[in-house]
Structure formats: structure tokens, C-alpha cells
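Have a look at the structure below, then the notes.
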There are 2 protein chains.
Amino acid sequence: MQNSDAMALSAALLAVAGELTQRIHDGVVARGFEGLRPAHGFAFSRLAPDGATVTELAAHLGVTKQAASQLVDEIVRKGYAERRPHPGDARARLVVLTERGWACTRAAEEAAAEAVRRWAEVLGEGEVRALWGNLGQIAPGGPIRPAW
Amino acid sequence: MQNSDAMALSAALLAVAGELTQRIHDGVVARGFEGLRPAHGFAFSRLAPDGATVTELAAHLGVTKQAASQLVDEIVRKGYAERRPHPGDARARLVVLTERGWACTRAAEEAAAEAVRRWAEVLGEGEVRALWGNLGQIAPGGPIRPAW
DNA sequence: CTGAATGGTCAACCCGCTTGACCATAAACC
DNA sequence: GGTTTATGGTCAAGCGGGTTGACCATTCAG
């Protein structure tokens with residue numbers, strides 16, 4: 001495999017990633033959730049299970065805790081999450097999704113499913129599963145950083 | 001395929017895209033090209049064949065022409081490209097890569113190849129080619145936008 | 001030849017993120 | 001127990017890359 005092939009593969013991957021992000025974002029907006037940026041989705045995915053502290057969120061997103069704090073301010077102000085006292089650590093505050101936050105998360109899932117369905121139309125369901133499997137194996141575990 | 005599966009696939013794709021971008025960027029820096037951001041790579045890829053005007057570059061990157069103009073200023077100042085009069089249109093100026101710009105592009109290709117090689121170690125060469133083929137089919141043709 | 005359209009730049013502003021300082025609570029240590 | 005160090009969080013100021021708006025030069029359409 002030549003270097004130029006690797007570049008072509010990279011370009012395709014990044015193009016798909018960019019378009020996917022756009023489609024999910026558009027889909028979320030179309031379902032009535034406004035004032036959000038794609039980065040918020042990654043925050044939601046970290047908050048979803050059991051909530052998280054600002055510091056944990058910052059690590060997940062790969063930004064400073066100040067930036068994460070601002071982001072939390074924003075989604076709290078817009079009604080997607082709320083801050084609660086942290087059980088067992090009076091310094092920390094647990095950020096959890098509100099019902100509206102959950103609804104938005106479900107909307108994002110629907111939008112993602114729509115985008116993936118388009119791929120299945122082109123590749124077939126089997127290839128999409130193969131894609132999933134392959135990507136899952138090479139996906140890193142670290143913080144989710146903006147692609148560029 | 002369930003919505004949550006689509007979300008898992010999306011998350012994996014975006015994680016891989018983010019890591020790939022980081023690795024290419026790191027590799028370029030390691031080869032001695034500093035002061036560049038990932039976005040510059042996408043500009044280079046558009047300039048590479050025969051150069052481009054600021055407006056074409058703006059369309060390719062999905063930003064305003066003012067932003068593209070600033071970006072060109074930067075890579076010109078750092079010696080990666082130069083502005084030339086456009087043959088056949090006195091308003092336009094053709095932005096072309098310098099030799100250093102070409103060297104940087106080759107460095108990026110090497111870094112991409114390194115990253116892809118890691119995938120091949122996990123998936124095998126055949127699956128990587130399959131990945132390439134599948135991504136190539138679903139990749140959009142439009143402007144390359146930052147993932148988020 | 002005139003008026004609209006296009007390529008490009010300059011200027012002001014916005015917004016998200018960073019660095020640096022600081023307070024409150026927790027954990028570590030004598 | 002009391003002091004020191006580390007950790008969670010916020011406030012404030014500044015930076016950097018982007019946007020909008022205005023403008024000039026050249027080209028194209030009538």
C-alpha cells in the first residue's frame with residue numbers, strides 16, 4: 001500500500017466523519033433542539049450513563065476544565081442538564097442530563113441511524129456491519145478530540 | 001440495526017478520525033514542519049495539483065474567502081506557498097505550493113501511511129483495503145469541514 | 001459603454017478556548 | 001488533631017480563528 005493510498009483513505013475517512021457530524025447535527029436541529037453545537041453531543045454521551053463531574057467531562061473532551069465548565073453552564077442554561085451536589089465529595093458537583101437532555105440524546109441517535117441507513121443503501125447492511133467492526137477495533141480509547 | 005448501534009458506529013468513526021488527524025499532525029511536526037495546523041493539510045491537498053485561487057480554496061474548506069485569505073497569508077509567510085498572478089484573470093491570484101510545501105505534503109503522506117500501517121497490524125491488509133473501498137463509496141464530494 | 005457580477009483584501013467584531021489566579025474541600029503526613 | 005499538599009470548581013483576562021460588512025479592481029453581460 002503506497003503513501004498516496006494511505007492519504008486517499010485518510011481523506012475519505014475524514015470526509016465521511018465531517019459529513020456524518022453535519023448530518024447528526026442537522027438531524028438534531030430538525031427535531032427541535034437548537035442552540036447546540038456538535039461538541040455538546042460528545043458531552044452528552046459522557047453525561048448520559050450516570051452523570052459526570054466537570055473535570056471528568058474535561059478529560060473526556062480533551063479540553064481544560066474551565067472550557068468544560070463553560071460548556072456545562074451553557075447546556076444547563078438551555079435546560080439540557082443540571083448540576084447536583086456530588087454524593088461523597090462536597091467539592092464536586094455532579095452534572096446530569098435532564099429529561100430534555102435525554103430526549104436530545106435520543107434525537108441524535110435517530111439522526112445517526114438515518115445517516116447510517118444511507119450507507120447501507122450503498123454498501124449493503126453486511127458491509128456496514130463490517131465497517132463497524134473494523135472501526136471498533138482500531139478506535140482509540142482516549143479523549144474525543146475535534147478532528148481538526 | 002438499532003439506533004444505539006448507529007451511534008456506536010458513529011462514535012467509533014469519529015474517534016478514529018480524530019486520532020488519525022492527531023497522528024498525521026504529530027508526524028508532520030516530527031518531520032520538522034512546525035507552525036501548521038491540521039486545517040493547513042486540507043488546504044495543501046487542494047493546492048497540490050495545480051494551485052488554486054483563494055475563492056476555490058474557501059469553497060474547498062467550507063469557510064469564507066476572508067478566512068481562506070488569512071490562511072494563505074499564514075502559509076505564505078511560513079514559506080509553504082506563494083501567490084502568483086493568475087494567467088488569464090488579472091483579478092485572481094494563483095496560490096501554489098513551494099518546494100517546502102511539497103516536502104510537507106510528502107511528510108503528511110508518510111505520517112498517514114504510518115497510521116494506516118497500525119490498522120493493518122490489527123485488521124490485516126485485506127480489511128484495510130475493504131475499509132478504504134467502503135469509505136470511498138460513501139464519502140461525499142463537498143467541502144471538507146472540520147468534524148466539529 | 002455601462003451596470004452587474006466576481007476575486008480579493010481591510011477592518012471590526014464574536015465566540016470558544018487557554019492561561020493564571022483564586023477559593024473550598026479532601027487527602028496525606030507528622 | 002493540625003498542618004501541608006492535592007483536587008474540584010469558578011472568575012477574569014487574553015488569544016486566535018472565524019464571521020460579517022465595506023470596499024477596490026477587474027471581468028462579463030446587455
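When reading the values below, keep in mind they use all heavy atoms of this one structure, side chains included, and skip hydrogens, waters and symmetry mates. All chains are named by letter (A, B, ...) in the order of the sequence lines, taking the proteins before the strands, and each is independently numbered beginning at 1.
- A heavy-atom distance below 4.5 Å is not found between the side chains of T98(A) and V76(A).
- In this entry the distance linking CZ of R91(B) with C1' of dA5(C) reads 8 Å, nearest Å.
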Verdict with supporting geometry, V28(B) and H25(B), side chain to side chain contact (heavy atoms under 4.5 Å, CB included): CA-CA 5 Å; V28(B) 168; H25(B) 184 250; 5.6 Å; no

Please list each protein N or O that sits under 3.5 Å from an N or O in nucleotides 14-18 of chain C, with the distance.
residue : atom : partner : partner atom : Å
dG16(C) : OP1  : R37(A)  : NE           : 3.3
dT18(C) : OP2  : T64(A)  : N            : 3.0
dT18(C) : OP2  : T64(A)  : OG1          : 2.9

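- Toward the 5′ end of DNA chain D lies the nearest nucleotide of D89(A), the other residue of the pair D89(A) and D73(A) mapping further downstream.
- Listed here is the closest heavy atom pair of G32(B) and R100(B): O-NH2, 4.0 Å.
- Ion pairing of E121(B) with R117(B) is absent here, as no side-chain N (NZ or NE/NH1/NH2) approaches a carboxylate O to less than 4.0 Å.
- Side chains of L47(A) and L57(A) form a contact here, defined as non-hydrogen atoms less than 4.5 Å apart.
- A salt bridge does not link R106(B) with E110(B): every distance from a Lys NZ or Arg NE/NH1/NH2 to an Asp or Glu carboxylate oxygen is 4.0 Å or more.
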Full working for side-chain hydrogen bond (donor to acceptor under 3.5 Å, both in side chains) between E127(A) and N134(B): CA-CA 8 Å; E127(A) 286 300 305; N134(B) 284 339; 2.9 Å; yes

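- Ion pair E114(A)/R31(A) flagged as a salt bridge, since at least one NZ, NE, NH1 or NH2 atom sits closer than 4.0 Å to an Asp/Glu carboxylate oxygen.
- Between chain B and DNA chain D, the heavy-atom contact criterion of under 4.0 Å yields a 5' to 3' nucleotide range of dG17(D) to dT27(D).
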